[in-house]
Amino acid sequence: MPRKKKPPLTFVQKMLKLYASGLGKEPAAPNREPDAGIDALPSLEQRLQAIFNITNNKKRPASQMLFFVMYDIESNRVRRQVVKYLERQGCSRVQKSIFLADLPNAKYEQIKSDLAEVQACYENEDSILVVPISTDYLKAMKVIGQTINVDVITKSVNTLFF
C-alpha cells in the first residue's frame, strides 16, 4: 500500500525544523564558497527600473500594499532561508538585505507574521523590519554612492530654458 504524501512544510515549519537541528550553530567551512545565486543582484539600473515600474503603474489595485523588508541576520543559514522565502512570496531584491514588495494586503500580513514567528523561534540578536511605504515616498527616492542617471531610467528628463 503506498504511503500518504505529507503536505509540504510551511516556511515557519521549515525554520523550526532547522532550529531543532542546530540552526544557531554555523558549520565551520573555511573552503566553502558563498552561494552566489542568493547574493547575486541584478544591476542597479535593473533594480531601479523595477522600482519605477511599480511607482509609474497607474492601475495599481487599491488592495495592494507597497512595503520594504530589511534585515540584519547573522546566521548564513537563516539569512538564506529568509531570502528564498521573500523571493518565493514575490518580493524584489533592492539591496543585499533589502526587499521591496507590491503585494496584496493579505500577503503583507502573512509575510509579517511568518517573519515574526521565525524571529522568535531561536535565540539571536537579529532584526527584521517590515516598513510600509507610499508610492509618493518611493518616487522621492535618491540614489547615493553610485553614478547613475535616474532621470534616464524614469524617462522624465526635463529641460529648462532661461
Side-chain angles (χ1 to χ4, degrees), residues 8-16 18-19 23 34-122 124-162:
L9 296 175
T10 67
F11 171 65
V12 173
Q13 290 169 331
K14 190 182 299 183
M15 294 302 291
L16 288 170
L18 281 173
Y19 172 69
L23 178 67
D35 189 349
I38 290 178
D39 291 330
L41 290 172
S43 71
L44 179 60
E45 289 86 357
Q46 292 170 320
R47 290 179 277 149
L48 289 173
Q49 185 62 56
I51 291 170
F52 294 127
N53 287 344
I54 292 170
T55 61
N56 295 330
N57 183 0
K58 304 285 187 228
K59 297 181 181 179
R60 252 185 97 242
S63 62
Q64 295 280 100
M65 184 72 155
L66 188 60
F67 60 98
F68 282 110
V69 177
M70 299 172 268
Y71 54 82
D72 184 5
I73 299 173
E74 188 174 329
S75 167
N76 291 333
R77 292 172 75 190
V78 174
R79 190 172 50 252
R80 274 194 293 276
Q81 290 301 317
V82 168
V83 167
K84 288 178 184 179
Y85 170 76
L86 291 172
E87 288 173 342
R88 278 193 313 269
Q89 296 303 314
C91 300
S92 301
R93 203 167 199 176
V94 178
Q95 295 287 340
K96 285 193 175 192
S97 62
I98 302 173
F99 283 80
L100 176 66
D102 185 22
L103 298 170
N105 289 335
K107 185 70 83 169
Y108 164 76
E109 293 297 335
Q110 177 192 354
I111 289 171
K112 252 186 7 179
S113 172
D114 287 351
L115 291 176
E117 197 170 335
V118 166
Q119 175 68 11
C121 82
Y122 68 101
N124 64 71
E125 293 183 23
D126 299 344
S127 61
I128 302 172
L129 291 89
V130 181
V131 183
I133 186 168
S134 71
T135 54
D136 291 339
Y137 282 128
L138 197 56
K139 284 180 185 180
M141 173 189 68
K142 301 294 180 220
V143 178
I144 300 171
Q146 194 171 27
T147 306
I148 184 165
N149 189 346
V150 174
D151 290 336
V152 170
I153 294 172
T154 61
K155 298 173 182 65
S156 64
V157 176
N158 296 318
T159 305
L160 299 175
F161 295 96
F162 293 95

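Residue numbers count from 1 along this sequence.
In terms of heavy atoms, Val130 sits closest to Leu115 at CG2-CD1, 4.3 Å. Taking each heavy atom of Tyr85 and Gln110 in turn, the nearest pair found is OH-O, 3.9 Å. Heavy atoms only, all atoms of each residue included: Lys96 and Tyr71 are closest at O-OH, 2.8 Å. The two atoms that bring Cys91 and Ile111 nearest to each other are SG-CD1, 4.0 Å, heavy atoms only.
Side chains of Asn105 and Glu109: no donor on one and acceptor on the other come within 3.5 Å.
The side chain to side chain contact (heavy atoms under 4.5 Å, CB included) search around Leu16 returns Val12, Cys121, not counting sequence neighbours.
One finds the CD atom of Gln49 at 11.0 Å from the CD1 atom of Ile54 (value rounded to the nearest 0.5 Å). In this structure, NZ in Lys139 is found 9.5 Å from OG in Ser134, a value given to the nearest 0.5 Å. A distance of 7.5 Å separates CD of Glu125 from CD of Glu74, quoted to the nearest 0.5 Å. Here the straight-line distance linking atom CG of Asn53 with atom CG of Leu48 works out to 11.0 Å at 0.5 Å rounding.
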Please list, one pair per line, the donor and acceptor atoms closer than 3.5 Å that link side chains of residues 63-70 to other protein atoms, with sequence neighbours excluded.
| from | atom 1 | to | atom 2 | distance (Å) |
| --- | --- | --- | --- | --- |
| Gln64 | NE2 | Asp102 | O | 2.9 |

Margin query: For a side-chain contact (heavy atoms from CB on, under 4.5 Å) check, start with the C-alpha distance between Val82 and Phe11, then their side-chain angles and the critical distance, and finish with the verdict.
Written below: CA-CA 9 Å; Val82 168; Phe11 171 65; 4.1 Å; yes
Checklist line | Derivation of the side-chain contact (heavy atoms from CB on, under 4.5 Å) call for Leu100 and Arg47 | finding: CA-CA 10 Å; Leu100 176 66; Arg47 290 179 277 149; over 6 Å; no
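A side-chain hydrogen bond (donor to acceptor under 3.5 Å, both in side chains) with Gln119 is found for exactly one of Asp126, Asp114, Asn124, namely Asn124.
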